[in-house]
Each structure stands twice: as structure tokens, then as C-alpha cells.
Amino acid sequence: MDILASLNDRQREAVMTTDGAVLILAGAGSGKTRVITVRIAYLISEKQVPPYNILAVTFTNKAAGEMRERVTELLKGQRLQSAPLVTTFHSLCVRILRQDIEHLSEGYNKSFTIYDTDDSIKVIKACIKDIGFDEKQLAPRQVLNAISGSKNRGEDFELYASQVEYTDEKRAAIARVFKLYEERLNNANALDFDDLMIKTVKLLRTSQEVRDKYNEKFKYILVDEYQDTNPLQFALIGYLTEKQQNICVVGDDSQSIYAFRQADIRNILEFEQHFPNAKTILLEQNYRSTQTILDTADAIIKNNQNRKDKKLWTANPDGDKIFYHQAFDGDGEARFVAQMIDRHRRQNPKDKIAILYRTNAQSRLFEEALRRNRIEYNIVGGFSFYERAEIKDVIAYLKMALNPFDDIALLRVINTPTRGFGKTSLDELQHRAKDFGVSLWETIAIITGLEFKERVNLTPRAIESLKKFKKTIENLQTKVADVSQTDRKVSDVVMAAIEDTGYANMLRAENTDESAARLENLEELVNAAVDYDKQEDSGLRDFIDHAALTSDTDKYDRNAAVTMMTVHAAKGLEFPIVFLVGLEDGIFPHSRSINDPKELEEERRLAYVAITRAEKVLYISHSMRRRVYGEEMAAEPSQFLNEMPLELIHDLSRGSSWLSFAKSNAVKTNKHAVSALRGENRQEKPKNLYTGKTYNSAEAIADFFNKKKVESRESGVESPKPLTGFDKLKAQASQTKSEIPNPKSKIKQGFTPGAHVRHPKYGKGLVLRREGTGDNVKLTVSFPGFGQKKLIEKFANLEKA
DNA sequence: AAGTAAATTTTTTTT
DNA sequence: AAATTTACTT
């Protein structure tokens with residue numbers, strides 16, 4: 001088989017070890033996807049395994065799509081009557097549940113609805129209100145995170161409740177919300193993202209019959225990005241492989257970046273314990289990046305305590321240095337990136353370029369800069385097509401038609417377009433629904449029913465509009481039924497949900513640019529539905545499921561010249577040229593992770609992922625000022641910059657920069673750095689002399705000069721020669737910077753978040769936020785008993801406490 | 001009931 | 001700065 005010829009020895013071994021448990025530890029760029037795809041092709045064409053016996057699971061639709069494509073490519077020319085199932089964890093679960101959820105006997109049936117995060121939040125909000133709490137005491141988002149975390153650890157609300165200390169009111173409240181939330185979803189015949197996994201695992205655990213069925217079906221299982229699996233996914237794999245044990249997992253512990261989703265790195269680290277006869281294969285040769293890029297990535301990941309020590313190597317050349325740029329503000333950073341991209345595009349238009357950032361919110365400045373420079377770009381993530389209001393509205397109508405008990409969908413559309421059924425009437429309806437203990441849909445049926453004579457607090461007009469709404473949905477249901485009974489098309493039904501509900505007319509009446517754009521989006525939705533027209537059975541169901549499970553991360557277009565996305569979204573991709581931007585403390589690493597060593601390690605792995613996306617050229621940049629919540633704030637260089645080998649970095653900044661500062665410092669005063677440069681002191685971990693925090697601060701400058709003194713005394717070096725030219729400029733620049741805090745006010749000023757201070761009137765307080773610069777520094781301080789105060793640092797007379 | 005103005009909050013990362 | 005929620009008119 002000639003496809004094997006393109007593999008190295010290790011890779012070939014990974015492909016040909018088809019039976020039993022196999023763990024492939026694949027470093028970044030080591031040809032992981034190639035190994036998986038060739039392995040699937042090998043199973044089919046060499047081992048004569050029927051394709052339907054093969055299951056490959058990934059985390060994203062993007063990865064699944066790519067894999068499917070490549071397998072098809074490898075197998076083309078062979079006449080196969082089935083295709084291997086290449087899918088995501090969540091799609092796999094939906095597939096299983098749509099067939100067998102009724103075996104669970106939990107009241108769910110096959111027409112269950114999938115709630116996305118937005119829907120879940122809405123339910124949570126209602127639950128918080130129902131237990132008599134306020135959203136301010138109990139942030140819905142946090143509650144959902146707590147519940148989701150618990151669920152992904154395999155707990156249920158009873159277990160969660162039992163862990164609550166009775167002094168912990170908040171957790172106790174969350175436990176109550178948890179219970180309510182689960183009930184609501186169950187009543188609505190709805191499953192959230194987590195439930196898809198949970199219910200599937202439960203189903204496999206409790207039903208021998210179902211377990212046997214899927215064990216029989218999936219005889220060879222492959223799992224991609226195994227380091228990102230959480231306990232539930234682990235359990236799922238466990239049940240599916242119970243019989244055959246032909247399980248092949250591929251992953252890299254250095255690229256584990258989903259701990260926040262309860263991914264457990266131990267799943268990969270302890271694979272050999274779980275599958276005692278497992279064979280482990282290491283792929284350490286990198287085919288993607290230059291040595292310089294690999295060295296930089298390696299230098300950063302080395303700072304993590306918790307990792308398997310391994311080193312990637314490559315036969316590729318050293319390549320260019322890492323290009324570095326320090327910008328004055330966020331806009332300057334974006335302009336620099338646009339300028340460099342422009343240059344690359346002229347030089348070599350074929351090279352694909354990526355701009356990678358930590359958070360989606362960072363994209364805006366780059367979008368604007370590229371647009372100004374007339375550079376076309378493609379943006380991945382952020383707002384998804386399926387997250388747009390008009391799309392969600394129409395989908396909600398369709399969801400109603402398939403599962404009318406879906407309260408969330410009902411609430412979404414009952415008065416969109418407006419039907420004269422406003423907030424007051426809605427409150428009454430919800431109130432009644434709670435009284436009856438049934439869904440809103442059933443409540444509507446009761447209230448509008450002929451034999452219902454009870455007095456309701458609804459105007460005749462409201463009742464009338466309920467009747468009309470009911471009719472609208474019922475009409476839609478009839479059309480849905482037509483899809484399976486006659487040969488009505490899925491796209492017809494989608495069209496009906498747009499037209500017959502009055503939705504399109506509402507938009508036409510608006511007659512604005514925006515409403516026109518929304519109409520166009522709806523046309524797109526109809527187009528998307530056409531793909532499902534030919535499907536035999538439950539085409540509409542599949543269409544809705546697809547909408548629920550597709551994120552925008554999936555619409556990566558590999559032909560786009562420039563792509564922007566978060567580092568998370570970039571995992572698994574590679575680009576000749578990469579711009580890693582916003583390398584500032586608080587952004588990357590993110591401020592929410594900075595205080596927890598575990599989370600900081602995850603940020604570091606994230607940086608590792610980012611850097612190893614680059615094939616030939618890597619740019620890194622940061623800005624000295626950054627807008628946060630609309631206010632301009634001083635920004636510090638990322639601590640990860642300090643962890644990179646400075647000698648591999650080339651400075652493209654105008655004037656002096658953090659890099660020039662760090663370089664002069666490291667070489668002149670850092671014995672560790674000097675000896676490390678000479679190759680001594682192998683064991684010793686390179687200590688960070690200056691973390692990003694202190695660069696540019698009074699202490700750093702003072703420290704710098706002190707060290708210099710000590711060193712020159714020790715080594716007997718005479719005082720520095722008079723500076724000339726560029727060096728002089730640089731020195732001047734750093735002097736000006738150091739001037740900001742004057743020595744007298746040093747104790748009083750320069751308070752940073754986290755500092756304890758004393759105020760003449762309010763007493764002891766905690767600094768929460770610092771904004772502005774120079775004389776305009778404003779501090780937000782929390783004083784026990786007085787609440788939060790905004791103070792001008794200069795006048796506040798604060799002391800260190 | 002619906003539309004508008006004012007106040008409040010928001011940012012990790014994703015299926 | 002932008003988006004969402006609430007309060008206030010009409």
C-alpha cells in the first residue's frame with residue numbers, strides 16, 4: 001500500500017498496530033491527522049474492516065470535516081458500500097439518543113430538543129427568580145458554569161447538594177437552582193450540551209441491550225485530541241470499547257487547553273493504567289515549523305511543572321528569527337500587523353496568514369485595520385450565523401413544531417412578531433403554567449379550550465392572540481408531518497416558518513438596512529436547508545440538530561488568505577505565517593487565570609499551541625496601552641515574553657521597547673542568563689529575572705541600577721563608557737519612563753489591584769482596579785462598610801496598609 | 001402594549 | 001465602546 005510509504009517508522013507503526021489499545025502521543029506538527037486518516041484507510045483497504053465498523057471521534061465539526069475529507073481522498077477509487085463514521089462527541093451522542101433515549105425511562109422521547117448555552121441561561125434565570133433570588137446575588141452565567149462543571153464531573157444535583165456546606169448559602173442556592181433546572185429541562189423534553197453526553201453514558205451504563213448494540217457496531221474506535229476528554233467522554237469511550245478494546249487515542253498533553261470544560265489531562269497520562277495492554281507510540285518529529293519556532297515554544301512550555309517531558313525535533317532549517325513588535329496602543333498594534341501582512345501578500349500571495357488572539361473581543365481592531373488596508377480576511381468564531389436573532393427565532397418556530405413542550409422556544413416566538421401579547425399577559429400565562437404544573441403550550445391549550453370557564457387575568461384580546469398563535473404553530477406542525485408522510489421538502493417547512501408566521505412581513509415592514517440584512521440571512525437559512533431536502537427521514541430534525549451543534553469555529557475556510565481567530569479555535573491548524581497578538585499580562589495570560597498556578601499552566605499550554613501553529617514565520621506583538629471596558633489603561637508585557645529565548649527574537653519596534661530593555665538587562669545583570677547562554681547550569685530552571693509586572697515600574701528601574709552597581713563592584717568593571725548613538729537614545733527612553741513615579745511619592749502612589757491601602761476617612765480598603773496614567777490615575781477601592789469608591793490617586797492620600 | 005431613553009454590565013476559552 | 005436590561009413615556 002503506497003500511502004504507507006509517505007510515513008516515517010513511528011507513524012507507520014501507529015497505523016499498523018490495529019488491534020488492542022494504542023496511545024499515540026503526538027507532538028505539535030508531527031503528522032497526527034495524517035496518521036489517523038491513513039490508519040482508517042488502512043483498516044478498510046488492508047484489513048478488510050467494513051467501514052461501518054469504524055468510529056472516529058473528534059471535538060469539533062471542523063476536525064471531523066477535515067478528517068472525513070482526507071479519508072475520502074485516501075479511499076477514492078475504491079467502491080465502498082458504507083462510510084466510516086467520523087463525527088464529534090456531541091453529534092455521536094445525538095445520534096445514539098435519537099434512536100434509543102426511550103430506553104432510559106426518564107420521560108424523554110425521540111423528539112427531544114437541544115438547548116444551547118443561551119437557552120440554558122434563560123432557564124437558569126427563571127429558576128433563580130423562582131427560588132426567590134436576585135440575578136445580582138446569583139449571576140446566571142456563574143450558576144450555569146457551576147452546574148455544567150458538576151455535570152461534567154459526572155455528578156447529579158443530589159450529589160452536588162450533598163457536598164454543600166450548610167454555611168455556604170450561595171452553593172446551597174445553586175443546588176436548588178440545579179434541581180429546578182433539571183426538572184425544567186426534563187419537562188420540556190430538552191437536553192443541554194452536557195446532557196447529550198450524560199444521558200448517552202447513562203443509557204450505555206444502564207442498558208445492556210443498547211451497550212451490546214453499539215459495541216457490535218463500532219469495532220474500531222479512534223479518538224482525536226484525547227487530552228481534551230473529560231470524565232464523561234472517558235466513560236463513553238469505556239462503554240463503547242467494552243467488548244472489542246480496539247481503541248486508538250491520539251493526543252498531546254502539552255496541548256491540553258480545555259480544563260475549563262472539565263477536560264482531565266489524567267485521561268491521557270494514565271491511559272496505560274486504564275488499558276493495561278496498551279501500546280504507546282511517540283511521534284516526536286515535527287514536520288511543520290522551523291527550529292527557531294520550536295525552540296521558542298519549548299522554552300515556554302518548560303516552565304510548566306506538570307507535564308510529560310519530551311522534546312520535539314525537526315529536520316527543518318532554523319528559519320527566521322521571531323519578529324517582535326511593541327506598539328503604543330491597540331490601534332498601533334493593528335496597524336503594524338496590517339502593514340506586515342500587506343508586505344507578505346505582495347511578496348508571496350500564496351502564504352496563508354493567521355492572526356491569533358486570546359479573546360474574541362480583540363478581533364475588532366484588526367478587522368478595522370485590515371479593512372482600511374483593503375486586505376481581505378476571514379474571521380472564525382465570535383458571532384455565529386446560527387446565533388443571530390432572526391435565525392434563532394425561525395429555528396425556535398421549527399423547534400416548536402417538532403416539540404411544542406419546549407418552553408424556551410415558545411417564549412422566544414410567542415410575541416415575535418408582535419401579536420399583542422405583551423409582558424403582562426405573558427406573566428399571567430407563566431403563572432398559570434406553574435399552577436397547572438405543565439408546559440406553556442399545554443397551558444395555552446387549556447386556557448383557550450372551550451370547557452375552560454375559570455376566570456383568567458387575560459384580556460379577550462390576549463386570549464384571541466393566543467388562539468391565533470396556537471393555530472400558527474399547528475399549521476406548521478402539519479407541514480412538518482408532511483415531510484415524512486408526503487415528499488414535502490425541508491426547505492419548504494423552513495420557508496413556512498419564515499413566511500406563515502408573519503416573521504418576514506415584520507422585517508419587510510421595518511424596511512431598514514438592518515432588516516434587509518436579516519431577510520438575507522433568512523434566505524441563507526433556506527439555502528442551508530436545501531441540503532437536507534434529499535434526506536430520507538427526519539431531515540428537518542437533522543437540520544435543527546446541525547444548527548444547534550454547529551459553532552462558527554467550524555466555518556474555517558482554508559483558502560482564505562488571512563484568517564483571524566482565537567488560539568483555541570486555531571488548534572489543529574497550521575499557517576506559514578502567524579501573528580500572535582496582545583501578549584500582555586491580563587490578556588494573555590488572561591486576568592482570570594493569573595492567580596491560579598494551574599490555570600496559568602493552561603495559559604502556557606495555550607501559548608504553546610499558538611506558537612506551534614506557525615510554519616515559517618512568527619510575529620509576536622503587544623501594546624503599552626489597551627482599552628478595557630471603554631477606558632484606556634496601561635498594559636504590561638506578558639510574562640510569557642520573558643520566558644522566550646530573547647536571542648531568538650528580532651525587534652521591529654520603533655524606538656526602545658520592552659525587548660531592548662529585557663535584552664540589555666538579561667545580558668548585563670543576569671548571571672543565570674549569561675551562564676545559560678554559555679550552556680552552563682543545565683539543571684537550574686532559568687529564573688525569570690523580571691516578570692512583566694515590574695518592567696517599567698519604579699522598582700524595576702531601581703533594581704536595575706542597583707544590580708548594575710553590585711555587578712560592577714564585584715567584577716571590577718569600570719563605569720560604563722559614555723553612550724553613543726542608538727544606545728543613548730535607548731537609555732534616554734528608559735530614563736523618561738522611569739521618571740513617572742517620583743521617589744517621594746513612591747510609598748503613597750503606584751497602588752495596583754490587590755494592594756491593601758488606608759484612607760483617612762474610610763480606613764482600610766482593597767484596591768480593585770487601576771485606570772489612567774500619570775496624574776490621572778483613578779483607583780477603584782473597596783472599603784468594608786463603605787462600599788466601592790473611585791478615587792483620584794493623586795488626591796486620595798492613600799497609605800499602604 | 002410598544003417604543004424609547006437611561007442605566008447597567010460586560011470579556012475568557014467551546015460543544 | 002457596545003450590548004443588554006430596566007425605567008419611563010406615549
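Just so you know, these numbers use all the heavy atoms, side chains as well, and skip hydrogens, waters and symmetry mates. So you know, we letter chains A, B, ... as the sequences are listed, proteins then strands, and number each from 1.
Distance CG (A/Asp228) to C1' (B/dT15): 12 Å, rounded to an integer number of Å. We find that CZ of A/Arg626 is positioned 18 Å from P of B/dT11, with the value rounded to whole Å. Look at CG on A/Leu466: it is 11 Å from P on B/dA1, rounded to the nearest Å.
Between A/Asn415 and B/dA2, a side-chain N or O to OP1/OP2 separation shorter than 4.0 Å is present. Dashed line: the shortest gap from a side-chain N or O of A/Ser593 to OP1 or OP2 of B/dT13 is not under 4.0 Å. Residue A/Thr424 places at least one side-chain N or O under 4.0 Å from the OP1 or OP2 atom of B/dA1.
When heavy atoms are screened at a 4.0 angstrom cut-off, A/Phe260 is found touching base atoms of the nucleic acid. Across all strands shown, A/Asn152 has no heavy atoms under 4.0 Å from either base or sugar-phosphate atoms. Looking at heavy-atom distances under 4.0 Å, A/Ser591 makes no contact with the nucleic acid at all. At the heavy-atom level, A/Asn360 lies under 4.0 Å from the strands shown only through sugar-phosphate atoms. When heavy atoms are screened at a 4.0 angstrom cut-off, A/Lys571 is found touching no nucleic acid atom at all. Backbone-only contact: A/Tyr258 has heavy atoms under 4.0 Å from sugar-phosphate atoms and none from a base. Among the heavy atoms of the strands lying under 4.0 Å from A/Thr117 is at least one base atom, whether or not backbone atoms are also near.
The ring pair (Phe, Tyr, Trp, His ring centres under 6.0 Å) test applied to A/Phe366 returns no partner, not counting sequence neighbours. The side-chain contact (heavy atoms from CB on, under 4.5 Å) search around A/Ser148 returns A/Asn152, A/Asp194, not counting sequence neighbours.
The side-chain ring of A/Phe89 is not stacked on the base of B/dT15, judged by centre separation under 5.5 angstrom and plane angle under 30 degrees. A stacking contact links A/His590 to B/dT12: the aromatic ring centre lies within less than 5.5 Å of the base's six-membered ring centre, and the planes differ by less than 30°.
Listed nucleotides: B/dT11, B/dT14, B/dT15. Nearest to the side chain of A/Ala569: B/dT14. Of the candidates B/dT13, B/dT12, B/dT11, B/dT12 carries the atom nearest the A/Glu599 side chain, counting heavy atoms from C-beta on. Of the candidates B/dA1, B/dT14, B/dT15, the closest approach to any side-chain atom of A/Ser425 belongs to B/dA1. The nucleotide whose nearest atom lies closest to any side-chain atom of A/Arg461 is, among B/dT12, B/dA1, B/dA2, B/dA1.
Only the P atoms considered, C/dT6 is 15 Å distant from B/dT11, to the nearest whole Å.
Taking 3.5 Å as the limit, the base of B/dT15 and the side chain of A/Arg261 contain no donor-acceptor pair of atoms between them.
In the model, A/Asp393 has a side-chain atom that pairs as donor or acceptor with a side-chain atom of A/Tyr503 under 3.5 Å. A side-chain donor-acceptor contact under 3.5 Å links A/Thr113 and A/Asn403.
When DNA chain C is scanned in the 5' to 3' direction for atoms under 4.0 Å from non-hydrogen atoms of chain A, the outermost contacting nucleotides are C/dA1 to C/dT5.
The pair A/Arg98-A/Asp545 meets the salt-bridge criterion, with a side-chain N (NZ, NE, NH1 or NH2) lying under 4.0 Å from an Asp/Glu carboxylate O.
Checking A/Asp192, A/Leu97, A/Leu191, A/Leu196 one by one against A/Ile114, the side chain to side chain contact (heavy atoms under 4.5 Å, CB included) holds for a single residue, A/Leu196.
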> For A/Ile587 and A/Tyr357, what are the C-alpha separation, side-chain angles and deciding distance, and is it a side chain to side chain contact (heavy atoms under 4.5 Å, CB included)?
Replying inline: CA-CA 9 Å; A/Ile587 292 184; A/Tyr357 34 75; over 6 Å; no

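Proximity of a side-chain donor or acceptor of A/Asp195 to a complementary backbone N or O of A/Ile198 within less than 3.5 Å is not detected.
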